[in-house]
S.K.: 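I have a structure here, written as C-alpha cells, and I will follow up with some questions on it.
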Amino acid sequence: MSVAAWLPDDPADRRSWETALSELIREHRFTIAVVFPAVGALSLIASAEWAPLPDVLAFNPLFVLTGVLVMRSPLIVGVLPVVDRRAALGAAALAAYSYAIEIIGVTTGWPYGAFEYGVSLGPMLGGVPIALPVFFLPLVANAYLLCLLLLGPLADRALPRLLSVIALVLAMDVVLDPGAVALGFWAYGGGAFYGVPLSNYAGWMLSATVAVVVLDATFDRAALRARLDACEFALDDMVSFVLLWGGVNAVYGNWIPVLVAAVIGAGLLRTDRFDAGMVPGVRGR
C-alpha cells in the first residue's frame, strides 16, 4: 500500500488534516528540532559509555525509533502536501532499494565494505532493520530540499542540482558513519576514516546517485519549492541531524565530521529560517 493510499480521499479533508499537523509541528518546533536531538545524543553516548545504565534503557530500540520518528516529523509533515501517487511510488521504490542494497551489503560486503550491526534498531528483515527507510530516505530528502534552497535559480538545471544533492548526501554520511561506529551501532572491522573504510563512501556514491535520481524524477520540484517557501519548519530534521551527530562526533573527538556538520549547519543558517521564533515564547521576525 502506498503513502498516498493512507491519505483522505476528499481534498478538503486532506488539507484540513495537513494543516492540523503543520500547526502541531510549529507549536513544538524547538522541542522537536533541538531538545530531542540533544537528549538523544546524551542517551546514546550514555548507552555506549555508561556501564551502570540499565539494559532496558541502553540502546532501547523503541526509544531510538520513537526519537527518530519525532525528529523526522517536520520533514514528513513538510513534504506531505506535495506527495501524490507518483511521489508515493517513488518513495516506495526507494524504500525497496534501501532494503535490497543493505541486504546485499550485509551478505556480501558490497558496495559499502564488510560490516555488521552491533546494536538492535528494532525488528530485522534479512539481517537489516525493518525501519531502515526511516533512517535512509530522509538523508536524501533533506539534502534535496536544502540544495533547492541554496542553489536558487541554478536548481532549475539538472546537472548542478543532482551533483549538489549527491555531494551533500555524501557529506552527511561523513558525519553519520563515524559517529555511528563510535557508538557501536555498526562496525566495519576497521577503516581509514575514524573506523570507516573508504569503500563505504564509494558505496554511498552509488546509493546516493540512485536515490537522488529517483526522487528528482518522481517528485514535483516546483511544488516542493513552493512548499518550502510556505513551510518554515521543513528542514528542521536537518537541524536535528547536525545537532545529534555533530554532538556525538565531538564527544568522541571525530573532528573532521564535526567540521562537516558545522558546514552543513552554516548552510542551514543561510536559508534564513532558523531564528528566535523557534524558541517557545519568543516571537520571530
Side-chain angles (χ1 to χ4, degrees), residues 2-30 32-33 68-95 133-134 136-158 160-162 164-166 168-169 172 211-242 264-265 267-275 277-278 284-285:
S2 70
V3 175
W6 298 345
L7 303 176
D9 292 329
D10 186 278
D13 288 344
R14 176 171 173 174
R15 285 194 297 272
S16 175
W17 187 58
E18 291 166 350
T19 298
L21 288 173
S22 293
E23 289 305 313
L24 181 65
I25 298 297
R26 287 189 179 96
E27 183 179 351
H28 300 285
R29 191 179 176 196
F30 182 81
I32 294 170
V68 169
L69 287 171
V70 170
M71 288 185 286
R72 296 291 188 251
S73 60
L75 173 66
I76 295 169
V77 174
V79 302
L80 199 56
V82 301
V83 176
D84 55 15
R85 292 191 180 278
R86 180 182 176 89
L89 286 173
L94 286 178
V134 176
F136 173 69
L137 299 188
L139 295 179
V140 181
N142 279 319
Y144 192 87
L145 296 181
L146 181 56
C147 286
L148 286 185
L149 286 178
L150 294 179
L151 290 175
L154 195 59
D156 292 331
R157 297 172 56 185
R161 179 177 68 253
L162 296 177
S164 297
V165 179
I166 291 167
L168 183 51
V169 173
M172 293 173 73
V212 171
V213 169
V214 172
L215 188 150
D216 191 66
T218 55
F219 276 76
D220 184 330
R221 189 173 68 259
L224 272 177
R225 189 64 177 84
R227 177 59 177 164
L228 277 173
D229 290 339
C231 182
E232 74 282 4
F233 59 74
L235 278 167
D236 282 6
D237 182 34
M238 183 76 100
V239 176
S240 298
F241 175 88
V242 168
I264 295 172
L268 287 166
L269 290 176
R270 284 196 61 189
T271 66
D272 198 29
R273 55 180 58 210
F274 304 101
D275 61 8
M278 286 187 68
R285 58 180 181 279

S.K.: Find out whether D220 and V82 are in side-chain contact, i.e. whether some heavy atom of one side chain is under 4.5 Å from a heavy atom of the other.
M.R.: no
S.K.: Is any side-chain heavy atom of L80 closer than 4.5 Å to one of R227?
M.R.: no
S.K.: Which heavy atom in L215 sits nearest to a heavy atom in A141, and how many Å separate them?
M.R.: CD1-CA, 4.0 Å
S.K.: Just how far is it from atom CE of M71 to atom CG of D237, taken to the nearest 0.5 Å?
M.R.: 7.5 Å
S.K.: Minimum heavy-atom separation for V165 to V212, with atom names?
M.R.: CG1-CG2, 3.5 Å
S.K.: On a heavy-atom basis, which atom in S73 and which in I25 lie closest, and how many Å separate them?
M.R.: OG-CD1, 3.5 Å
S.K.: To the closest 0.5 Å, what do you measure between CD1 (I264) and CG (L269)?
M.R.: 12.5 Å
S.K.: Output yes when a side-chain donor or acceptor of R225 lies under 3.5 Å from a complementary backbone atom of G152, and no otherwise.
M.R.: no
S.K.: Just verifying a value: how many Å separate L162 CG and C147 SG, rounded to the nearest 0.5 Å?
M.R.: 10.0 Å
S.K.: Please determine whether salt bridge (charged side-chain N to carboxylate O under 4.0 Å, His left out) holds for the pair R15 and E18, giving the CA-CA distance in whole Å, both sets of side-chain angles, and the decisive distance to 0.1 Å.
M.R.: CA-CA 5 Å; R15 285 194 297 272; E18 291 166 350; over 6 Å; no
S.K.: Can you give me the closest heavy-atom contact between D156 and R221, atom names plus distance?
M.R.: O-NH2, 4.0 Å
S.K.: Looking at every heavy atom in both G78 and C231, which two are closest together, and how far apart are they?
M.R.: CA-SG, 3.9 Å
S.K.: If you define the side chain from C-beta out and look only at heavy atoms, does anything of D84 sit under 4.5 Å from F219?
M.R.: no
S.K.: Does any non-hydrogen side-chain atom of R157 lie less than 4.5 Å from one of L151?
M.R.: no
S.K.: Quick one: does L168's side chain get under 4.5 Å of M238's, heavy atoms only?
M.R.: yes
S.K.: Is any side-chain heavy atom of L149 closer than 4.5 Å to a side-chain heavy atom of L235?
M.R.: yes
S.K.: Please confirm whether the backbone N or O of L148 pairs with a side-chain atom of R161, one donor and one acceptor, at under 3.5 Å?
M.R.: no
S.K.: Can you find a heavy atom in the side chain of V169 that is under 4.5 Å from one in the side chain of Y144?
M.R.: no
S.K.: Determine whether F241 and L139 make a side-chain contact, defined as any pair of heavy atoms from C-beta on separated by less than 4.5 Å.
M.R.: yes
S.K.: Which atom pair, heavy atoms only, marks the closest approach of F274 to D236?
M.R.: CE2-OD1, 3.0 Å
S.K.: Mind checking the CG-CG spacing from L94 to L89? Nearest 0.5 Å is all I need.
M.R.: 11.0 Å
S.K.: Quick check for you: to the nearest 0.5 Å, what is the distance between I32 atom CD1 and R72 atom CZ?
M.R.: 13.0 Å
